[in-house]
Amino acid sequence: MKIKEIQQEIEKKQLSSFLFSSRPNVFYLSGFSSTNAYILLTPTEKYFITDSRYYEGAKEKLKDWKLILLGEGGKKQLEHLIEIINSYGGKKIGFEEDRVTLSFYKKLKENIKSDLIGYSGFLTRFRMGKTEKEIQIIRTAVEKTDAVFQKILDYIPRATDELDLRREIINSIFLEGGTGESFPAIVASGENSAIPHHETSHTPIKNNSLLLIDMGMVYEGYCSDFTRTVFVGSVDPELEKIYQIVREAHLRAVEKVKAGVPVKEIDMAARETIKKYGYEKYFTHSTGHGVGIEIHEAPRISNQSEEILEENAVITIEPGIYLPGKGGVRLENIVVARKDGCEILTGTPLEPVVI
């Protein structure tokens, strides 16, 4: 991980240390998963602070970190954490103001002797540009998600309702080696597919209609994200038409993906394609988002964004058209922004699948 670069950033901002308390950022920095851990990073030292449930595991894995047992000697954990920060934090301590509760901040403010300086998105830039190791983990997660989709295609004719199909998705995720869903899978049959974030329900899988499946898995701490819309039987000609429009919009957006490109250009490529066919008011969300340890990371692929796409950013491309009361289509792949263009990780073709 980019620890040295992050330590240099701490020094550049003239901070004595930085306290990381959010679970995703603690995992990002250490590669160790814990529900109760903190990292205190100085320009020269790395302190990993966790309780007795995780301490031995962390000691085994984090050989080059200074480990501190939180609550040692029967101390109250928060009081002990403050004691640790006062001992090792120095005079100016940064913290994740966008990731802490108000009560946690108040407790720190009342008891820490040093200056506390809040930052939002301190690690955003580092996390946006993935390392090759991270990309390889995500690539494997994506390949396994492709395999899940192929498995469930055979199950769709037997599925009793949306939730039954979601159960099969979850089971397949575990069979493929995932550790769970990266978000609750969306299974939307018929007119439900016109609701971009439909809550999977007991609605039966309808014949002669669209079936939208949006799913992802967690694999080695990283997320995949995948959407396909399949035809269950024969569907309305207009729905066939919007499928092809969404596919074209997806491809136009992918053509724009390259390190150094303004993010808004990717979104506009998809949006202008859909507008060309007169369906612009039915494309109601952004074209995509970053993905990694969290299912939604920077950047947001939106026409409102002023960001420039970082090299090795891993993003989704997922335009959609949603016709209320009729049906909707969304097609989503995960791609990597390289210096010379776009690397597509998702292997499932974009051509329509008929069940």
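Only a predicted model underlies this, so the values are computations on that prediction, with no experimental measurement involved. Values reported hereafter were calculated over all heavy atoms of this structure, with side chains retained and with hydrogens, waters and symmetry mates removed.
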### Task
Look up atom OG in S34 and atom CD1 in I39, then write down how far apart they are to the nearest 0.5 Å.
10.0 Å

### Task
Go through the steps for Y54 and T35 under the test side-chain hydrogen bond (donor to acceptor under 3.5 Å, both in side chains), then give the verdict.
CA-CA 9 Å; Y54 300 101; T35 60; 2.7 Å; yes

### Task
Kindly indicate, with the supporting measurements, whether the criterion side-chain contact (heavy atoms from CB on, under 4.5 Å) is fulfilled by S201 and D161.
CA-CA 8 Å; S201 68; D161 59 24; over 6 Å; no

### Message
Return the CD to CD1 distance between E5 and I10, rounded to the nearest 0.5 Å.
### Response
12.5 Å

### Query
Quick one: do E272 and K276 make a salt bridge, cutoff under 4.0 Å?
no

#### Entry: N-O pairing of K2 and E134 below 4.0 Å
no

### Candidate pair H198 and E162, rule side-chain hydrogen bond (donor to acceptor under 3.5 Å, both in side chains), full reasoning
CA-CA 11 Å; H198 167 67; E162 294 171 350; 2.8 Å; yes

### Message
Quick check on the hydrophobic clustering: are F122 and I3 connected, directly or via other members, by side-chain heavy-atom contacts under 4.5 Å?
### Response
yes

### Message
Closer than 3.5 angstrom, by distance alone: can the side chain of N303 be matched with the main-chain N or O of D267 as a donor-acceptor pair?
### Response
no

### Query
What residue among F104, Y105, F18 forms ring-ring contact (aromatic ring centres under 6.0 Å, His included) with F95?
Y105

### Query
Under 3.5 Å, is there a donor-acceptor pair between the side chain of T229 and the main chain of R330?
yes

### Message
When you measure from the side chain of S172 to the backbone of E168, do you find a donor-acceptor pair of N or O atoms at a distance under 3.5 Å?
### Response
yes

### Message
For the CD atom of E176 and the CG atom of N171, what is their distance to the nearest 0.5 Å?
### Response
11.0 Å

### Message
Under the criterion side-chain hydrogen bond (donor to acceptor under 3.5 Å, both in side chains), I'd like the reasoning laid out for E318 against H289: C-alpha separation, chi angles, the key distance, then a yes or no.
### Response
CA-CA 9 Å; E318 50 179 307; H289 55 84; 3.0 Å; yes

### Query
Between the side chains of S286 and S302, is a donor N or O closer than 3.5 angstrom to an acceptor N or O?
no

### Presence of salt bridge, E307 and K264, under 4.0 angstrom
no

### Query
Roughly how far apart are K144 NZ and I173 CD1, rounded to 0.5 Å?
12.0 Å

### Task
Compute the centroid of each ring, for Y28 and then for F20, and state whether the two points are separated by less than 6.0 Å.
no

### Message
Assess the residue pair Q77 and H80 against the criterion (side-chain contact (heavy atoms from CB on, under 4.5 Å)); give the C-alpha distance rounded to whole Å, side-chain angles, the decisive distance to 0.1 Å, and a yes or no.
### Response
CA-CA 5 Å; Q77 289 192 9; H80 190 203; 5.7 Å; no

### Query
Taking NZ, NE, NH1 and NH2 as the nitrogens, is one of them in K258 or D340 under 4.0 Å from a carboxylate oxygen of the other?
no

### Query
Within the distance-only criterion (no hydrogens, no angle test), does the side chain of S193 pair as donor or acceptor with the backbone N or O of L210 below 3.5 angstrom?
no

### Message
Taking K326 first and then E191, would you say they form a salt bridge - that is, a charged N and a carboxylate O separated by under 4.0 Å?
### Response
no

### Short side-chain to backbone donor-acceptor contact, S16 and K92, under 3.5 Å
yes

### Task
Without swapping roles, check the side chain of T50 against the backbone of Y55 for a donor-acceptor pair under 3.5 Å.
no

### Under-4.0 Å salt bridge between E56 and K59
yes

### Message
Quick check against the 3.5 Å criterion: does S224 have a side-chain atom that pairs as donor or acceptor with the backbone of M217?
### Response
yes

### Query
Taking 4.0 angstrom as the limit, do R166 and E181 come out as a salt bridge?
yes

### Message
Quick one: does any side-chain atom of K61 pair with a main-chain N or O of G31 as donor and acceptor, under 3.5 Å?
### Response
yes

### Query
Applying the side chain to side chain contact (heavy atoms under 4.5 Å, CB included) test to L331, which of V246, L251, T346 qualifies?
V246

#### Entry: Value rounded to 0.5 Å, distance of CD in E343 from CD1 in I334
12.0 Å

### Message
For a quick check under 3.5 Å, do T273 and E248 share a side-chain donor-acceptor pair by atom type?
### Response
no

### Task
Kindly indicate, with the supporting measurements, whether the criterion side-chain contact (heavy atoms from CB on, under 4.5 Å) is fulfilled by F183 and D214.
CA-CA 9 Å; F183 58 93; D214 187 350; 3.2 Å; yes

#### Entry: Side-chain donor or acceptor of R125 paired with backbone N/O of G121 under 3.5 Å
no

### Summary
With Y243 as partner, the option from Y277, F231, Y279 fulfilling ring-ring contact (aromatic ring centres under 6.0 Å, His included) is F231

### Query
Are the charged groups of K66 and E45 less than 4.0 angstrom apart, N to O?
yes

### Message
Looking at every non-hydrogen atom in both residues, tell me the closest pair between I85 and L40 and how far apart they are.
### Response
CA-CD2, 4.5 Å

### Query
Are I213 and I186 side-chain neighbours, meaning at least one heavy-atom pair lies under 4.5 Å?
no

### Message
Given 3.5 Å as the limit, does a donor-acceptor pair link the side chain of E297 with the main chain of I293, or not?
### Response
yes

#### Entry: CA sep, side-chain torsions, deciding dist, call: N333, R228, side-chain hydrogen bond (donor to acceptor under 3.5 Å, both in side chains)
CA-CA 9 Å; N333 283 350; R228 286 297 183 271; 2.7 Å; yes

### Query
How about Y88 and Y47: are their ring centroids closer than 6.0 Å?
yes

### Query
Does the pair F48 and F32 meet the rule for a ring pair (Phe, Tyr, Trp, His ring centres under 6.0 Å), with working shown?
CA-CA 10 Å; F48 189 89; F32 188 84; 5.7 Å; yes

### Query
Do NZ/NE/NH1/NH2 and the carboxylate oxygens of R127 and E294 come within less than 4.0 Å?
yes

### Query
Given the rule in the side-chain contact (heavy atoms from CB on, under 4.5 Å) test, do I205 and T160 qualify, once you have shown the distances and angles that lead to the verdict?
CA-CA 6 Å; I205 305 298; T160 55; over 6 Å; no

### Task
Would you tell me whether E96 and S22 have side-chain atoms, one donor and one acceptor, within less than 3.5 Å of each other?
yes

### Message
Under a plain distance cut-off of 3.5 Å, with no hydrogens placed, do Y155 and D164 share a side-chain donor-acceptor pair?
### Response
yes

### Message
Is it the case that the side chains of T203 and N192 hold a donor-acceptor pair, with the cut-off being a distance below 3.5 Å and no angle test?
### Response
yes

### Message
Within the structure provided, determine whether I242 and L323 are in side-chain contact (heavy-atom separation under 4.5 Å).
### Response
yes

#### Entry: Residues E310 and K130 bridged, charged N to O under 4.0 Å
no

#### Entry: Worked verdict on K75 versus E83 for salt bridge (charged side-chain N to carboxylate O under 4.0 Å, His left out)
CA-CA 10 Å; K75 295 177 182 177; E83 181 185 316; 2.9 Å; yes

### Message
Quiz question: by atom type and distance under 3.5 Å, do the side chains of Y322 and H285 form a donor-acceptor pair?
### Response
yes

### Query
Heavy atoms, side chains only, cut-off 4.5 Å: are V335 and V314 in contact?
no

